[in-house]
Amino acid sequence: MPGTSSVTSRMALNDNKAGMEGLDKEKINKIIMENTIGSRYYKNEVKREAHVRERIKKMKERLQSCTSEQKENAIYKADAMIAEIEKGRDLTRTIIHIDMDAFYASVEERDKPELKKKPMAVGGMNMLSTSNYVARRYGVRAAMPGFIAKKLCPDLVIVPLNFSKYKEVSKEVQKIFAYYDPNFSAMSLDEAYMDVTEHLQDRLLYSKKTRSFAYNVENMYKRSSNQTEDIQQHSSDELMAEKRFKSFGFTAADVAEEIRFRIHQKTRLTASAGVGPNTLLAKIASDFNKPNGQTIISSLRDEVINFMANLPIRKVNGIGKVSEQLLSSLDIKYCKDLLKNRSSLMLLFSPVSCSFFLRTALGCSSNRLEAESERKSISTERTFNACSCLDEQLEKLKELCQTLSNDMKKANVQGKTITLKTKTVDFELHTRSRSTLIPVSSVEELFEISHDLLKQEVALSNNNLSLRLMGIGLSKLEPISGTTQTSIKKFFGKIDNIGLKHKATEQLAVCGSSHSLFEKNNIVEELDDPDEVDDKGGHCNPDELDVLSDDRFNLNLFNDKFGYNGHQVNTDSELVLDTTLLCPVCGRNDFENLQYLNEHLDLCLCGKNSITQNEKNGNHKEIALTSKSVSTAAVDEESYLSAIEANKTSDISDTVGVDFTCPICSVKFNASQTTLKYFNTHVDSCLNRKVIKNILQTDSKMSIVSTTKAKASKDGGKPKKRRKIDSCKGHTIDKFFS
DNA sequence: GCGGATCAG
DNA sequence: ATGGCTGATCCGC
Ligand SMILES: Nc1ccn([C@H]2C[C@H](O)[C@@H](COP(=O)(O)OP(=O)(O)OP(=O)(O)O)O2)c(=O)n1
Ligand SMILES: [Mg+2]
């Protein structure tokens with residue numbers, strides 16, 4: 001009887017997580033079991049486990065019924081597939097995957113430092129969203145009920161969720177991502193892929209200053225305030241003495257370090273990074289040295305294959321607990337086994353799954369980050385105390401419909417397929433769905449249809465439906481307002497907007513586009529070497545410029561590209577060290593505050609060197625402050641360039657010793673610091689469709705600029721979710737021929 | 001098109 | 001006593 005002792009695979013601790021190596025699984029599982037056996041949840045897990053076993057049994061039968069000829073043929077087909085995969089192998093790109101460490105927990109720790117040394121988790125007694133690394137040593141982890149975690153670790157501190165905080169932090173971090181790849185692909189609040197191939201090319205031209213970033217002064221204050229009693233006395237001198245900038249080199253590893261450094265300075269949180277030639281490898285790599293570490297996977301074919309060979313299949317993105325079990329039953333535990341037992345794979349799984357497995361085994365996956373795609377569904381669900389009264393269920397259903405309807409409005413979608421989800425008190429899941437001819441959007445329609453679906457469900461349960469959860473979802477979505485906008489239509493709409501802005505309201509356009517050269521963080525300094533900065537300790541009220549806070553454009557980057565020796569230093573910090581505000585165009589340095597400098601700069605770039613024109617202030621400020629965020633250096637640069645082009649007298653293009661002139665943007669390159677190759681790279685990027693992509697992406701921001709004000713934080717700052725081209729997520733190996 | 005199942009975060 | 005929520009995908013029918 002495969003009863004009680006073998007069901008553990010579903011219930012047992014998942015130690016497939018950073019910080020959970022070498023735990024006493026025996027002991028931990030015992031405690032988990034003691035607090036699990038007999039529960040309804042457990043009974044349902046036993047059932048699901050049985051289902052998996054059944055699948056395994058059928059797989060084995062199927063395999064045994066195959067002739068040796070069929071098996072040979074399967075190998076032949078697998079090898080053909082492998083050859084095809086090899087042919088398409090592309091190791092030329094560089095992907096970085098960044099993953100924040102114990103994200104929610106780290107945010108809470110940051111705001112309550114006394115938690116740092118304690119075992120701590122975020123969530124509630126019912127469910128934990130994540131745990132810090134101290135708690136992980138007790139076996140406490142994400143997706144574990146709080147009450148069980150408490151048994152594992154009685155001292156565990158459980159902190160409630162604070163979603164808006166995590167979102168805010170996420171926004172900050174994603175702004176940094178955009179600096180390296182405006183097309184970065186965010187998988188969640190705490191994690192993203194960047195294709196830094198182009199950045200690495202461009203970076204070869206960066207000066208040391210451009211590759212240098214400031215330590216956050218605020219952090220130093222906090223540090224010293226913990227250690228010394230007299231902050232006022234010490235801070236200034238100590239800060240001066242302390243090394244205040246950190247420089248980074250040219251390799252992908254350097255870039256990963258730089259990104260993690262900037263994240264840390266900006267948010268006081270740590271992240272881990274993985275570098276590799278594709279998303280599969282980058283993702284695995286980022287987990288390798290967690291927390292607060294990074295791993296680089298070579299882009300040499302043989303090294304990639306070697307790396308994959310001894311990797312447990314469970315580490316691969318689309319392979320979860322069940323897939324691991326199924327494959328394990330075929331003696332496939334490491335990726336190399338996928339190759340060894342390829343004949344079984346070919347005989348049991350769909351071509352799509354086989355391709356995925358073989359590509360994985362060879363270390364191949366997507367190395368192009370997918371462009372933003374529209375959401376495909378929207379849903380909401382709630383768990384509650386057992387409820388078998390229809391009236392009460394309908395009451396809850398109504399509320400769900402209301403919630404969903406609100407979310408639909410926010411997302412600007414309606415849809416044609418309504419799905420009701422129910423979970424019985426025995427944890428049995430069911431869905432009932434219905435499609436309509438016309439998309440539904442109102443609460444009333446949602447309720448009417450879902451009510452009907454619930455009646456169905458009640459009937460199917462012999463009028464005895466006791467629920468612990470209900471959910472309602474909508475798919476086959478369409479936008480609510482306006483005509484269905486295809487990407488290409490949006491794209492041209494955008495181009496029109498930009499053109500219009502430049503022509504009709506030239507000044508506004510230029511102001512709007514140049515604002516991001518400066519932000520409150522970016523201070524001007526007189527020195528060339530970031531390591532020997534001297535300054536007078538100044539202070540800038542962060543509240544004043546809040547909206548603008550991290551819209552950052554790396555002026556040094558601009559200077560590197562166009563041969564201008566600027567005075568800007570890089571900082572992501574919220575505090576400003578120096579109040580010397582210097583116009584990089586005309587050299588004026590008597591600006592009272594950053595806003596004046598910004599205004600002046602706008603005019604200076606138009607060739608009008610004056611700081612009058614304060615009438616426009618309200619408007620100008622609004623635009624300057626709101627047109628921002630994921631907006632990228634490249635976009636700003638482009639706008640900047642068009643401004644220059646429209647006015648060739650601009651000082652910036654007047655560099656000395658020029659040997660090359662870009663035929664597109666007229667910017668000149670100095671032969672002494674620019675090889676022909678890099679010049680060509682620049683021309684390429686001028687022509688590059690990437691610029692178009694950037695514009696496309698900046699859609700929301702642009703429309704904010706051209707139409708209304710404010711709301712920058714809400715929708716405008718939200719980078720839409722992007723996915724990898726290879727859809728590994730939800731990839732299952734379900735299919736087998738039975 | 002529907003329902004169940006798997007996966008990620 | 002207490003076992004989440006959102007979105008996506010795949011498979012079989
Ligand atoms: N089942 C899960 C898994 C994760 N999360 C949330 C909380 C996590 O903090 C965040 C990021 O997920 P990760 O898988 O990256 O886990 P952490 O960042 O917490 O830890 P680490 O990445 O260090 O392993 O997503 C969640 O709500 N439910
Ligand atoms: Mg993380």
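Throughout, a chain's letter reflects where its sequence line sits, starting with A, and its residues are numbered from 1. None of these values were measured; they are calculated from a predicted model.
A:Phe447 meets the ring-ring contact (aromatic ring centres under 6.0 Å, His included) test with A:His451; sequence neighbours excluded. Under the rule for a side chain to side chain contact (heavy atoms under 4.5 Å, CB included), the partners of A:Lys60 that lie at least two apart in sequence or sit in another chain are A:Ile56, A:Ser329. Remark: A:Asn292 engages A:Asp101, A:Arg260, A:Thr270 in a side chain to side chain contact (heavy atoms under 4.5 Å, CB included) (not counting sequence neighbours).
For the pair A:Lys476 and A:Asp190, nearest-nucleotide mapping onto DNA chain B gives the more 5' position to A:Lys476. Comparing A:His430 and A:Lys321 along DNA chain B, the residue whose closest nucleotide (by nearest heavy atom) sits nearer the 5' end is A:His430.
At B:dG9, one or more side-chain N or O atoms of A:Lys283 fall inside 4.0 Å of OP1 or OP2 (strictly under the cut-off). Residue A:Thr130 has no polar side-chain atom (N or O) positioned under 4.0 Å from OP1 or OP2 of B:dG9. Look at A:Ser433 and you'll find a side-chain N or O under 4.0 angstrom from OP1 or OP2 of B:dG3. Between B:dG3 and A:Thr419, no contact under 4.0 Å exists linking OP1 or OP2 to a side-chain N or O. The side chain of A:Ser377 places an N or O atom within less than 4.0 Å of a non-bridging phosphate oxygen (OP1 or OP2) of C:dA8. For A:Ser435, no side-chain nitrogen or oxygen approaches OP1 or OP2 of B:dG1 to under 4.0 Å. Under 4.0 angstrom from either OP1 or OP2 of C:dG7 there lies at least one side-chain N or O belonging to A:Ser379.
Under the ring pair (Phe, Tyr, Trp, His ring centres under 6.0 Å) criterion, the residue pairs touching residues 403-427 of chain A are A:Tyr41-A:Phe427, with sequence neighbours excluded. Listed by first and then second residue, the salt bridge (charged side-chain N to carboxylate O under 4.0 Å, His left out) pairs that reach into residues 132-156 of chain A come to none, sequence neighbours excluded.
Among the atoms of the strands shown, only primed sugar atoms or phosphate atoms (P, OP1, OP2) are found under 4.0 Å from some heavy atom of A:Lys423. Using a 4.0 Å heavy-atom distance criterion, A:Ala143 is classed as a base contact. Counting non-hydrogen atoms under 4.0 angstrom, A:Thr380 reaches the backbone sugars and phosphates but no base. Base engagement by A:Ile148 is indicated by at least one non-hydrogen atom pair under 4.0 Å involving a base atom. Across all strands, A:Arg375 comes closer than 4.0 Å only to sugar-phosphate atoms, never to a base (heavy-atom distances). Residue A:Val316 is classed as a sugar-phosphate contact, given heavy-atom separations below 4.0 Å to backbone atoms only. Contact annotation for A:Val425: no contact, since no heavy-atom pair falls under 4.0 Å across all strands.
Here C:dA8 is the nucleotide among B:dG4, C:dG7, C:dA8 with the atom lying nearest to any side-chain atom of A:Lys376. Closest to the A:Thr417 side chain, of the nucleotides B:dG9, B:dC2, B:dT6, is B:dC2. Listed nucleotides: C:dC11, C:dG3, B:dT6. Nearest to the side chain of A:Pro145: C:dG3. Of the candidate nucleotides B:dG4, B:dC2, C:dG3, C:dG3 has the atom nearest to the side chain of A:Phe427. Here the nucleotide nearest the side chain of A:Thr383, chosen from C:dT2, C:dC11, C:dC5, is C:dC5. The side chain of A:Arg55 has B:dT6 as its nearest neighbour among B:dT6, C:dT6, C:dT2. Side-chain atoms of A:Arg432 lie closest to B:dG3 of the nucleotides C:dC11, B:dG3, B:dG9. Among the nucleotides B:dT6, C:dG7, C:dG3, the one closest to the side chain of A:Ser39 is C:dG3.
Across residues 149-161 of chain A, not one residue has a non-hydrogen atom less than 4.0 Å from an atom of DNA chain C.
Side-chain N/O atoms of A:Thr36 and base N/O atoms of C:dG3 include a donor-acceptor pair closer than 3.5 Å.
Atom CG of A:Leu429 is separated from atom C1' of C:dG7 by 15 Å (rounded to the nearest Å). The CG atom of A:Asn126 sits 9 Å away from the P atom of C:dC5 (whole-angstrom rounding). To the nearest angstrom, C1' of C:dC5 lies 9 Å from CG of A:Leu469. To the nearest angstrom, C1' of C:dG7 lies 16 Å from CE of A:Met408. Atom-to-atom, CZ of A:Phe384 to C1' of C:dT2 comes out at 16 Å; the value is rounded to the nearest Å. Put simply, CD on A:Gln456 is 11 Å from C1' on B:dC2, counting in whole angstrom units. Remark: C1' of B:dG9 and CD1 of A:Ile319 are 18 Å apart, rounded to the nearest angstrom. Atoms CZ (A:Phe103) and P (B:dG9) sit 14 Å apart, rounded to a whole Å.
A:Asp426 and A:Thr424 share no side-chain donor-acceptor pair at under 3.5 Å.
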Between A:Ile472 and A:Thr419, does a side chain to side chain contact (heavy atoms under 4.5 Å, CB included) hold up when you go through it step by step?
CA-CA 6 Å; A:Ile472 174 161; A:Thr419 301; over 6 Å; no

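Residues A:Lys283 and A:Glu191 are paired through a salt bridge, judged by an N-O separation under 4.0 Å between the basic side chain and the carboxylate. By the 4.0 Å N-to-carboxylate-O rule, A:Glu395 lies too far from A:Lys398 to be salt-bridged with it.
You'll find the ring centres of A:Tyr193 and A:Phe184 outside the 6.0 Å limit.
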